[in-house]
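For reference, the structure is listed below as structure tokens.
Just so you know, residue 1 is the first one in the sequence shown, and it goes up from there. These numbers were taken from a predicted model, which means no experiment stands behind them. Ligands are counted one by one from 1 in listed order, and the atoms in each one are counted from 1 as well.
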Amino acid sequence: MNNIYILGIETSCDDTSAAVLHNGILLSNITANQEVHKKYGGVVPELASRAHQANIVPVVDLALKEAGISRTQISAVAFTQGPGLLGSLLVGASFAKGFALANDIPLIGVNHLQGHVAALFLREKGNTEKVPEFPFLTLLVSGGHTQIVEVIDFSDMKVIGKTIDDAAGEAFDKCAKVIGLEYPGGPLIDKYAKLGNPHAFKFTKPRIKNLDFSFSGLKTAFMYFIRDNIKINTGFIEENRNDICASLQYTIIEILLDKLNKAVEQTGIKEIAVAGGVSANSGLRDVLKVYSEQKKLKLHIPDFGYTTDNAGMIAGIAYQKYLRKQFDTQEISPEPRASI
Ligand code: KG4
Ligand code: ZN
């Protein structure tokens with residue numbers, strides 16, 4: 001086989017990332033996180049775009065260096081076309097277009113959500129862990145998206161359930177903010193939840209019949225719960241932080257598992273996977289392991305480094321497109337609201 005080197009670029013939200021894939025094997029995957037958003041409690045689009053502009057060249061340089069290859073060896077350059085923040089997507093798209101032109105190589109636009117699914121296939125040299133077999137179901141849970149995807153092929157993915165309001169990651173982050181945790185709150189809730197009792201407090205779950213999710217009711221109920229308890233005891237959060245986090249996390253996981261189970265029953269598919277930033281959650285990982293053993297399903301969980309936004313996953317889809325010669329022209333533009 002020829003040596004195919006894909007340079008992937010990911011700039012959909014607040015992580016600037018570049019990766020090099022060699023014949024489908026990951027050589028490097030460099031991500032610069034943007035600390036600037038922490039003090040605002042969420043991503044500020046203008047600041048994200050500016051930070052991408054500052055980070056993109058050094059991040060790409062480092063990805064090439066770590067992969068041990070030069071710019072001229074790259075076979076194609078790929079970037080996240082959407083969904084994401086327009087100002088952020090533009091930085092990656094412009095860089096990739098320039099890189100393709102300057103090096104006279106194909107340009108490939110990639111759907112960010114398909115990328116999260118492709119993260120399940122990312123392997124470094126020597127890692128022989130089995131990849132999922134088509135068709136499989138993916139619970140795609142991130143800060144911007146929560147959906148159940150029926151994955152028929154790399155180019156054929158069907159959304160069979162999705163959130164009608166907030167994403168699961170958003171629920172983690174917004175509730176974390178209510179109890180004074182800094183952005184992104186998901187990993188902190190995970191940390192405190194490990195030390196708490198998941199049954200200490202009860203939160204209501206949405207009643208939606210199909211495979212769709214809803215998290216805004218939980219967020220509102222959580223806000224009132226905290227407000228009411230602080231009125232009685234100003235030290236409520238400090239005294240109960242672990243139990244609050246454990247109970248909130250337990251409820252979010254129950255909502256996710258309930259719908260995933262329904263999807264398994266409806267489709268009869270025996271392989272399941274989890275992807276997206278929230279799949280880093282240790283409680284969710286544990287629950288899915290137990291669930292898949294009980295139901296005799298094959299479970300795929302991406303390595304921690306590939307769960308949150310990274311360019312390796314973008315290069316992963318691009319490699320498949322490269323093999324099919326699905327290239328884009330310089331006319332391609334970002335699609336902030338793209339669906340899978
Ligand atoms: O996929 P991602 O990096 O970006 C989006 O495309 O949204 O996901 C980021 C989301 C954030 O909401 C963050 O709080 C959440 O993933 N997250 C977690 C954990 N690690 C990241 N949520 C819960 N537990 C975690 N350990
Ligand atoms: Zn993402």
Side-chain angles (χ1 to χ4, degrees), residues 8-17 19 29 31-34 37-38 41-43 45 48 52 79-85 88-89 92 110-120 122 138-147 149 162-163 166-179 181-196 198 215 218-219 245-246 248-253 255-256 273-288 301-314 316-317 336-340:
I9 311 277
E10 153 65 31
T11 63
S12 66
C13 190
D14 59 340
D15 295 313
T16 317
S17 185
N29 200 4
T31 302
N33 304 115
Q34 301 181 359
H37 307 288
K38 275 204 168 133
V43 176
H52 283 307
F79 68 98
T80 305
Q81 187 185 10
L85 300 167
S88 292
L89 291 168
V110 172
N111 180 290
H112 178 83
L113 301 172
Q114 289 195 355
H116 273 300
V117 175
L120 292 155
L122 282 180
T138 302
L139 175 65
L140 176 44
V141 272
S142 73
H145 299 273
T146 294
Q147 41 191 235
V149 186
K162 60 182 182 321
T163 181
D166 292 347
E170 224 175 332
F172 270 109
D173 297 340
K174 286 181 176 168
C175 292
K177 196 173 172 184
V178 172
I179 55 169
L181 302 179
E182 64 180 16
Y183 177 85
L188 292 170
I189 299 229
D190 189 356
K191 183 176 129 189
Y192 294 123
K194 282 186 190 138
L195 309 168
F215 289 100
L218 171 62
K219 178 190 66 190
C245 290
L248 173 70
Q249 179 169 300
Y250 176 81
T251 311
I252 294 176
I253 293 173
I255 296 171
L256 294 172
V274 62
V278 179
S279 65
N281 185 269
S282 55
L284 179 62
R285 286 175 172 239
D286 291 346
V287 163
L288 285 175
I301 301 187
D303 283 352
F304 270 112
Y306 309 152
T307 54
T308 47
D309 291 350
N310 69 89
M313 67 189 207
I314 301 306
I317 288 289
R337 303 180 66 81
S339 51
I340 215 163

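The side-chain heavy atoms of Leu218 and Leu248, taken from C-beta on, include a pair separated by under 4.5 Å. With a 4.5 Å cut-off on side-chain heavy atoms, Asn281 and Ile253 count as touching. Two residues are said to be in side-chain contact when any heavy atoms from C-beta on lie closer than 4.5 Å; Gln147 and Leu113 meet this criterion.
Polar contact with ligand 1: absent for Gly276 (N/O pair, distance under 3.5 Å). The shortest N or O to N or O distance between Thr307 and ligand 1 is not below 3.5 Å. Residue Glu170 places no N or O, backbone or side chain, under 3.5 Å from any N or O of ligand 1. Below 3.5 Å of separation, one finds an N or O of Gly277 facing an N or O of ligand 1. Taking only nitrogen or oxygen atoms, main chain and side chain alike, Gly185 does not reach within less than 3.5 Å of ligand 1.
The backbone N or O of Gly305 lies less than 3.5 Å from no partner atom in the side chain of Asp303, so there is not a single donor-acceptor pair. Distance alone, capped at 3.5 Å, places no donor-acceptor pair between the Thr138 side chain and the Leu140 backbone. A donor-acceptor pair is defined here as one N or O able to donate and one able to accept, closer than 3.5 Å; such a pair exists between the side chain of Asp173 and the backbone of Gly186. Using a distance-only test at 3.5 Å, with no hydrogens or angles considered, a donor-acceptor pair links the side chain of Thr11 to the main chain of Gly92. Checked by atom type and distance alone, the side chain of His52 pairs as donor or acceptor with a backbone atom of Cys13 at under 3.5 Å. Formation of a donor-acceptor pair under 3.5 Å by the Thr80 side chain with backbone atoms of His112 is not found in this model. Side-chain N or O atoms of Asn29 include one that pairs as donor or acceptor with a backbone N or O of Gly312 at under 3.5 Å.
Remark: minimum distance from atom 22 (N) of ligand 1 to any protein heavy atom is reached at Gly186 CA, 3.4 Å. Here the protein heavy atom with the shortest distance to atom 14 (O) of ligand 1 is Asp173 OD1, 2.6 Å. Protein heavy atom at the shortest distance from atom 3 (O) of ligand 1 is Asp309 N, 3.0 Å.
Taking every non-hydrogen atom of His116 and a distance limit under 4.0 Å, the qualifying atoms of ligand 1 come out as 1 (O), 6 (O). Proximity to His112 (heavy-atom distance under 4.0 Å) selects the following atoms of ligand 1: 6 (O). Atoms of ligand 1 lying under 4.0 Å from any heavy atom of Gly169, numbered from 1 in the order shown and given with element: 12 (O). Here is the list of ligand 1 atoms found below 4.0 Å of a heavy atom in Gly144: 7 (O). Of all the atoms in ligand 1, the ones that sit under 4.0 Å from a non-hydrogen atom of Asp190 are 24 (N), 25 (C), 26 (N).
Metal site remark for the Zn ion (ligand 2): His112 contributes an N, O or S atom at a distance under 2.8 Å. Residue contacts to the Zn ion (ligand 2): Cys13 brings no N, O or S atom closer than 2.8 Å.
Heavy-atom contacts from other residues, nucleotides or ligands closer than 6.0 Å to NZ of Lys174 number more than 12.
When the options Gly143, Ala280, Gly84, Ser279 are ranked by their closest heavy atom to atom 10 (C) of ligand 1, first place goes to Gly143. Distances from atom 19 (C) of ligand 1 to the heavy atoms of Gly115, Ser282, Pro187 put Pro187 nearest.
Here the Zn ion (ligand 2) is the vertex; the NE2 atom in His116 and the OD1 atom in Asp309 give an angle of 90° (to 10°).
At a heavy-atom cutoff of 4.0 Å, ligand 1 is contacted by both the backbone and the side chain of Thr308. Using a 4.0 Å cut-off between heavy atoms, Asn281 contacts ligand 1 through both its backbone and its side chain.
Side chain to side chain, Asn310 and Ser17 fail the donor-acceptor criterion of an N or O pair below 3.5 Å.
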